[in-house]
Amino acid sequence: MTREVRDLVPVDGNRFRFYCCGPTVYGPAHIGNFRTFVMNDIFRRVLEIGGVETLHVRNVTDVDDKTIRDSQAAGERLKDFTDHWLKRFHEDTAALNLLPPHIEPSAVEHIPQQITMIEELMAKGHAYAPGDGSVYFKISSFEDYGKLSRLDTRELDLGRTQEQRVGIQADEYEKDSLSDFVLWKGRRDDDGENYWESPWGTGRPGWHIECSAMSCEYLGETFDLHSGGEDLIFPHHENEIAQSKCSRGGDFALHWFHSAHLLVDGKKMSKSAGTVYTLADLLERGFTAMEVRYELLGAYYRRQANFTFDSLHAKREALGKLAKGEAELRKEVGEVEIPGYEELRGLGGFGVFEPAWDGLQNDLNTALAMGKVFVGLKTAKTKEDWLGLHGVLAALGLVLPEIEAEDAVEVPEEIQAVAEERWAARSAKDWAKSDELRDLLMEKGWVVKDGKEGYELVPA
RNA sequence: GGCGGCGUAGCCAAGUGGCCUAAGGCGCGAGUUUGCAAAACUUGUAUUCGGCGGUUCGAAUCCGCCCGCCGCCUCCA
């Protein structure tokens, strides 16, 4: 991606059209997946707050090896299975305050478009069907193959067949070259009921073709930007480029936006280490979705970020500090209602928060922007400052916690009674009894905050 | 082995040639407050950027080497 977001001008002069590789719905997404989606969300928000219209497409992969395998293991039909996990994904994205994409196409619902594209590749000599029911893309037919990932062609095993290579794990498909990838997979016994008709017999589409077919369907053969996690650069995005350019021509995506991975305690997340956290895992531990979002945007997207519970914990304090600062500023400028997202689109000035906005404009540097938000808060005092703060927060998608929430906390009668007794003891300067009752409240999970005229109970 | 990236205070994390004797958040220390605490508020917290050389008037930032770590290399965001 270009370093300056402000330099990104829609190629059609109207809406900035971008495609984001979405989830494979075979289980709950983990926080690493969400780092990518949060970064994409912020990217869109920065464009929109900056006054640019967008067209955001994010696909759903609802047919592949894993969805088929796991739906069968669960004894469910593929659609029921993927619908369930898609619903869960939507719940998670809503909790994380991700704007829903304008279009969310599913692979299963676009099989005709995928078949059409494969036929075009066949007709132009970029694909071949060796007769086993599958169709492959011939990467030697596309000169630019490997350009995005800067792969040396020597590494691609061009022209080598599996027979020539010893020790490679058995693959049922016949390919001319080891690096050729599958466009259509011939039906196999373990696919069960999950197959579709095609000119090459029954089967199902390969993974890469869905994104080429769907991005072209909704965004055309040339669009502004394509995004995804860094692991998708090769082979997924490389293959998409090959399929799209060879079948339809056009420039495909003019910009690429890849988010680096999220590590946990400095290591790649792994199931065996128990570090593949889902949003639900973190909510269960008492964190809020907004704290998680803050954690995910806390580092610059081009670098791997390190998730730790210490860092996540810090976000609660930081959000509270922000909320307090915002409330004071709001009072100072005499406003009551926080402006909504739509009102902030096309915001002209950001007051003392201009540096934070610049940070976002300059290659989506969310870490820098957050730092400048806290700096700005120290001197903010005008209405423009206040609007600027909300413009930046809206671009980051951060919703501040309510700070006047005492009413919302239900204090059990039993706890209230102990607290009253303690206050009486304290007022009578019976320090021993007062402290004893305070410890008792602490044991039961309540913290007493003493004031001049009374006290307040807060959950520990 | 090929390609790419990282190593900045206890933790997270900006900064990529001079405004850096290095943002910001958390944590921690000190003070105010408090009967003592907690909370709140104020304030302090890396003369130094993995190590060693080099380029330069000047380097956390560029180059070389070394050490450590991470990612991709056929369907993992």
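In the text below, chain A, chain B and the rest are named by the order of the sequence lines, each starting its count at 1. Just so you know, these numbers use all the heavy atoms, side chains as well, and skip hydrogens, waters and symmetry mates.
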Rounded to the nearest Å, what distance is computed from the [atom1] atom of residue [X] to the [atom2] atom of nucleotide [N]?
X	N	atom1	atom2	answer
A:Y300	B:U61	OH	C1'	15 Å
A:R293	B:A77	CZ	C1'	16 Å
A:L457	B:A39	CG	P	15 Å
A:N59	B:A77	CG	P	11 Å
A:F234	B:G71	CZ	C1'	15 Å
A:L148	B:C73	CG	P	14 Å
A:Y277	B:C76	OH	P	22 Å
A:L262	B:C12	CG	P	13 Å

Exercise. Is there a donor on the side chain of A:R438 or the base of B:A38 sitting less than 3.5 Å from an acceptor on the other?
Worked result: no

Exercise. Less than 3.5 Å between a donor and an acceptor, one on the side chain of A:K324 and one on the base of B:C41, is that the case here?
Worked result: no

Seminar exercise, completed: Sorted by position of nearest nucleotide on RNA chain B, 5' first, the leading residue of A:S434 and A:A305 is A:A305

Seminar exercise, completed: Comparing nearest nucleotides in RNA chain B, the 5'-proximal residue of the pair A:D64, A:L368 is A:L368

For this session: Could you tell me whether the side-chain ring of A:H261 sits stacked on the base of B:G71, using a centroid cut-off under 5.5 Å and a plane angle under 30°?
Result: no

For this session: Compare the ring of A:F34 with the six-membered ring in the base of B:A77 and state whether they stack (centres under 5.5 Å, planes under 30°).
Result: no

Nearest-Å distance once atom [atom1] is located in both [N] and [M]:
N	M	atom1	result
B:U16	B:C6	P	13 Å
B:G15	B:G7	C1'	15 Å
B:C41	B:A46	C1'	26 Å
B:U45	B:G24	P	11 Å
B:A13	B:G54	P	33 Å
B:C57	B:U47	P	28 Å
B:A39	B:G31	P	16 Å
B:C19	B:A23	C1'	13 Å

Does [N] have a Watson-Crick or wobble partner in any strand here, with both distances under 3.5 angstrom, and which is it?
N	value
B:A23	none
B:A37	none
B:G7	B:C67
B:G17	none
B:A46	none
B:U55	none

Exercise. With the sugar-phosphate defined as primed atoms, P, OP1 and OP2, and the base as all remaining atoms, what B/S/- string results for nucleotides 5-10 of chain B, 5' to 3', for protein heavy atoms under 4.0 Å?
Worked result: --S---

For this session: Name all residues meeting the salt bridge (Lys or Arg N to Asp or Glu O under 4.0 Å) criterion together with A:E238; count only those two or more places apart in sequence or in a different chain, and write none if there are none.
Result: none

Side chain of [X] only, please: which of [options] is the nearest?
X	options	answer
A:N306	B:C76, B:C12, B:C69	B:C12
A:D450	B:A37, B:C72, B:G35	B:A37
A:R426	B:G35, B:A23, B:C69	B:G35
A:V182	B:A77, B:C75, B:C73	B:C75
A:K66	B:A39, B:C72, B:C76	B:C76
A:K268	B:C36, B:A77, B:C76	B:C76

Using a 3.5 Å cut-off and no angle test, enumerate the donor-acceptor pairs between side-chain atoms of residues 318-332 of chain A and protein atoms at least two apart in sequence or in another chain.
residue: A:E326; atom: OE1; partner: A:R330; partner atom: NE; Å: 3.3
residue: A:E326; atom: OE1; partner: A:R330; partner atom: NH2; Å: 2.8
residue: A:E326; atom: OE2; partner: A:R330; partner atom: NE; Å: 3.2
residue: A:E326; atom: OE2; partner: A:W386; partner atom: NE1; Å: 3.0
residue: A:E326; atom: OE2; partner: A:H390; partner atom: NE2; Å: 2.8
residue: A:R330; atom: NH1; partner: A:V336; partner atom: O; Å: 3.2

Looking for any heavy atom pair under 4.0 Å, which part of the strands does [X] touch: base, sugar-phosphate only, or nothing?
X	value
A:G266	sugar-phosphate
A:V373	nothing
A:A29	nothing
A:G228	sugar-phosphate

For this session: Taking ring-ring contact (aromatic ring centres under 6.0 Å, His included) as the test, write out the residues that go with A:F89, two or more places apart.
Result: A:F34, A:F37

Please write out each protein N/O paired with an N/O of nucleotides 24-26 of chain B under 3.5 Å, distance rounded to 0.1 Å.
residue: B:G25; atom: OP1; partner: A:K321; partner atom: NZ; Å: 3.1

Exercise. So, A:H208 versus A:F181, ring centres under 6.0 angstrom or not?
Worked result: yes

Exercise. Aromatic ring centroids of A:F81 and A:Y26 under 6.0 Å?
Worked result: no

Please tell me whether [X] and [Y] have a donor and an acceptor in their side chains that are separated by less than 3.5 angstrom.
X	Y	value
A:N239	A:Y145	yes
A:T308	A:N306	no
A:Y136	A:H126	no
A:H102	A:H56	no

Problem set entry | Short side-chain N/O contact to B:G15 OP1/OP2 from A:N365, under 4.0 Å | yes

Problem set entry | Stacked cation flag A:R17 on A:F223, 6.0 angstrom / 45 deg | no

Taking only distance into account, with no hydrogens and no angle test, what donor-acceptor pairs under 3.5 Å do side-chain atoms of residues 263-276 of chain A form with protein atoms, sequence neighbours excluded?
residue: A:S270; atom: OG; partner: A:A273; partner atom: N; Å: 3.0
residue: A:T275; atom: OG1; partner: A:S270; partner atom: N; Å: 2.9
residue: A:T275; atom: OG1; partner: A:S270; partner atom: O; Å: 3.3

Exercise. Is it true that A:K185 and A:D64 have a side-chain N and a carboxylate O under 4.0 angstrom from each other?
Worked result: no

For this session: Assess whether atom NE2 of A:H90 is packed by more than 12 heavy atoms of other residues, nucleotides or ligands within 6.0 Å.
Result: yes

